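Remarks on the structure that follows.
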Amino acid sequence: MEDFWAAAIWALEIWLYLIISTIMIPAMFGFSLGISETYMTILVQTLEWATLKIQKANADERTLKSSPSNGLIQREDGSMEKELEELRRSRPKPPVGGDFTLSDCFYFTRRGIESIVEDEVTQRFSSEELVSWNLLTRTNNDFQYISLKLTLVYGLGIFVRYCILAPLRITLACIGLTWLVIGTSAVGLLPNWRIKFWLSEWVHVMCYRICARGLSATIRYHNRENKPKKGGICVANHTSPIDIVILCNDGCYAMVGQVHGGLMGVIQRAMVRSCPHVWFERAEMKDRHLVTKRLKDHVNDKTKLPILIFPEGTCVNNTSVMMFKKGSFEIGATIYPVAIKYDLKFGDAFWNSSKYSMVSYLLRMMTSWALVCNVWYLPAMHQQEGEDAVQFANRVKSAIAHRGGLVDLQWDGGLKRAKVKESFKEQQQKQYSSMVVGDDIVLFHNTT
Amino acid sequence: MGSSNSSVNNIPNAQELMQETGFSAAHILRLHERFEFLDKHKCGQLRPQDFGAVQELALNPIGDSIISAFFSPGQETVDFASFVRILAHFRPTDRNQSRDGAQQEPANSSIRKLKFAFQMYDQDRDGKISRAELLQVLRAMLGIQVTEEQLQSIAERAIQEADLDRDDAISFDEFRKSLEKVDIDHKMSIRFLR
C-alpha cells in the first residue's frame with residue numbers, strides 16, 4: 001500500500017516537472033519548443049484525412065453544403081425597391097392616386113414569414129455549423145457511420161482529449177491563475193519605480209501565455225505595427241471571455257468590468273494591485289456620466305495602459321458583428337480596432353451563456369482539439385468632424401467586420417432578450433411610402 | 001443549430017404533418033426547434049406576444065396582420081401543427097405535381113398563397129376587403145408618412161381598379177383577377193435549404 005502511494009507521488013512529481021519545463025518555462029520567456037506545433041500538424045492532417053473519408057462516402061449529398069451558412073432558408077437579397085418594381089411590372093403606372101397595388105403586401109408578407117422562420121439576430125446566438133465533421137462528439141449531428149477506421153480514430157480522439165489533454169490543460173489553467181494572483185500581488189508591493197511597470201507587464205503576459213497553453217491556443221497576429229498604444233481604447237468583436245486571453249497574450253491592456261465576488265473578485269483585486277484597471281461597482285454601472293468620466297480620466301493619463309472594451313456588450317457566435325454601443329466612442333480617445341476570428345474546425349469558441357455556465361463552457365474548451373484564431377490589428381481611427389458617436393461606431397464596426405470576414409449587422413445583440421421599440425417601424429414605412437407616394441406629391445396636389 | 005440529436009419521432013404527428021405539408025423530416029425538426037425557441041414559457045402553444053421576440057417582425061409594417069394570420073378567429077394560441085401548416089403555404093410550388101380529384105388542394109398551391117395574401121387585407125375574414133379594412137392596412141404600411149387625403153385617394157383608386165361588381169369591396173375573385181399577371185409562386189415562396 002505504502003509503495004503504491006510513494007509511486008503515485010513520484011509519478012505526480014515527474015508530471016509536474018515535465019509540465020514546468022516543457023510548457024511553463026517557455027511560456028514565461030516567450031519562446032517555443034515546438035511541441036504544440038507538432039501536435040497541430042498531426043491534428044490538421046488527421047482532420048483532413050477524416051474530411052476526405054466522409055466526403056468520399058457522401059459524394060452526392062455534400063454539394064449543397066459548401067456555404068458555411070447556418071440557415072434554414074435562403075433569403076432573397078433584393079431591396080424593397082427592386083422587389084416592388086418586379087411585382088408592379090405587370091401593370092402600367094397609374095396617373096393619379098399613388099403607386100399602390102394589392103400585390104405590394106406580398107413583399108412584406110414574405111419578409112415577415114421569413115423572419116418568423118429564421119431571423120438574423122437569433123441565428124447569431126447559436127453555434128455555427130460545420131461543413132464537415134471534425135471528430136468531436138459535440139458536433140456529431142447527422143453524420144452516420146462511415147468506416148471502421150474513422151470510428152477508431154474518433155474513439156482515439158475521445159481518449160486523447162478527455163484523458164490526456166484535459167487534465168493537462170486544467171493543471172495549466174490552475175497554475176496560470178494562481179501565478180497571476182500571486183505575481184500581481186507581489187509586484188503590487190513594490191514602490192512605483194519604472195521597474196514596477198515592466199515587471200507588472202511581464203507577469204501579466206506570462207500568466208496569459210500559460211493560460212493560452214492551457215487551451216492549446218494557436219494565435220496568429222497580423223499587422224502588429226497597429227498595436228494599441230497607451231492612452232487609447234482597444235475595441236474588438238466579442239465571442240467569449242477567452243478573447244481577453246487571446247488579446248493579452250500580445251500586450252497589456254487595462255480591463256473594464258463589473259466587480260464580481262468569489263474567484264473572479266480575487267483575481268480582479270490582485271490585478272488592480274500591480275497596474276490600474278477600471279472596475280465598477282454594480283450600482284456605478286447605471287450612471288453613464290460616471291462611467292464616461294472614469295474612462296476619460298484613465299485615457300487622458302498617458303502612462304496608463306490602453307483600455308480593452310467589447311462594444312457589442314454580449315457574446316456573439318463569430319459569424320457576424322452586431323451593433324456597437326456608442327458609449328466607448330463618445331470619450332474622444334483614439335480607437336484601435338481589433339478583429340478576432342476563430343477557426344471552427346478545432347473547437348467552437350462561442351459562449352452561449354443561456355445554454356452553458358462559465359465552468360461548463362471552460363471545460364468544453366479544454367476538451368476541444370485546440371483553439372486556433374487570427375487576430376488583425378487595424379489602423380487607429382478617430383472621430384471625424386461632423387460625425388456623431390453612432391456613425392463613428394458603425395464605421396469602426398464595418399472595418400472590423402470587413403477585416404475579419406464577418407457579416408456586418410445593425411441589430412442590437414442586447415435585444416436578444418428584450419423587445420424592440422415601436423419607432424423602428426418608421427424606417428420601413430418611410431421607404432415604402434416614398435415608393436407609393438413620393439414621386440407623385442405634385443400630382444396629388446393637382447388633383448385634390 | 002448545435003449538437004442536438006433529437007429525432008423527428010419525438011414530435012407528435014410528425015409523419016402526418018410531413019405528408020400533409022410536404023416538409024421533409026429535417027425541415028420539421030428545424031421548425032420545431034424554432035417553435036420551441038419562440039415558446040419561451042414552454043407551454044407547447046404560442047401566443048401573439050411570443051412573436052414579439054423576432055426583431056425583424058416588429059419592424060415589418062404589416063407584422064401584426066401576419067401574426068394574426070396564425071391564429072384562427074377566436075383562438076388565442078397556436079400549436080406546432082397549425083404553425084407548420086401556415087408556414088407550409090410558403091413552400092415553393094411543386095411544378096410536377098399531378099392532382100387527382102380526390103386529393104385536397106396542397107398548402108403551397110397558388111390559390112392558397114393568394115388566399116393568405118388576401119387575409120392580410122381581410123382582417124375580419126368575411127371574404128371581402130372593405131374600404132375600411134383597406135384603409136387600415138394602408139395606414140399600417142405607410143404610417144405617418146402620408147396624409148389622410150392621400151390615403152383616401154390611394155384606397156379609392158385601388159378599389160376602383162379591382163372592384164368589378166361595384167359593391168365598394170374587393171372579393172376574393174376580384175382580388176385574384178386583379179393579380180393574375182403576378183408571379184405568385186415566386187413572390188410568395190420561401191426556399192428552404194436542405
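A note on names: the letters A, B, ... follow the listed sequences, proteins ahead of strands, and every chain is numbered from 1. Predicted model only: the values in this text are computed from it and were never measured.
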*For chain A, which of I144(B), I170(B), L138(B) has the most heavy-atom pairs under 4.5 Å?*
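Of the options given, most contacts go to L138(B).
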*Given the options I67(B), L87(B), L179(B), which has more heavy-atom pairs under 4.5 Å with chain A than any of the others?*
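The candidate making the most pairs under 4.5 Å is L179(B).
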For [X], which atoms come within 4.5 Å of any heavy atom of chain A: side chain, backbone, both, or neither?
{"X": "F35(B)", "result": "neither"}
{"X": "I62(B)", "result": "side chain"}
{"X": "I66(B)", "result": "side chain"}
{"X": "A117(B)", "result": "both"}
{"X": "F83(B)", "result": "side chain"}
{"X": "M141(B)", "result": "both"}
{"X": "A140(B)", "result": "backbone"}

*Listed by chain and number, what are the ring pair (Phe, Tyr, Trp, His ring centres under 6.0 Å) partners of F106(A), not counting sequence neighbours?*
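In terms of ring pair (Phe, Tyr, Trp, His ring centres under 6.0 Å), with neighbours along the sequence ignored, F106(A) is linked to no residue.
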*Does a salt bridge link R131(B) with E156(B), judged by any charged N lying under 4.0 Å from a carboxylate O?*
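Yes, this pair counts.
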*Residues in side-chain contact (heavy atoms from CB on, under 4.5 Å) with R176(B), at least two apart?*
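Result, side-chain contact (heavy atoms from CB on, under 4.5 Å) vs R176(B): I111(B), L114(B), F172(B), D173(B).
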*Do L31(B) and E118(A) touch side chain to side chain, with heavy atoms closer than 4.5 Å?*
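Side chain of L31(B) against side chain of E118(A), heavy atoms only: no contact under 4.5 Å found.
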*So, D104(A) versus Y432(A): side-chain donor-acceptor pair below 3.5 Å or not?*
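Side chains of D104(A) and Y432(A): pair found under 3.5 Å.
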*For the pair F51(B) and F70(B), name the ring-plane relationship: parallel under 30°, tilted 30 to 60°, perpendicular over 60°.*
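If you compare the ring of F51(B) with that of F70(B), the planes turn out tilted.
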*Counting only N and O atoms by type, is there a donor-acceptor contact under 3.5 Å from the side chain of D163(B) to the main-chain atoms of D168(B)?*
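At least one qualifying donor-acceptor pair exists.
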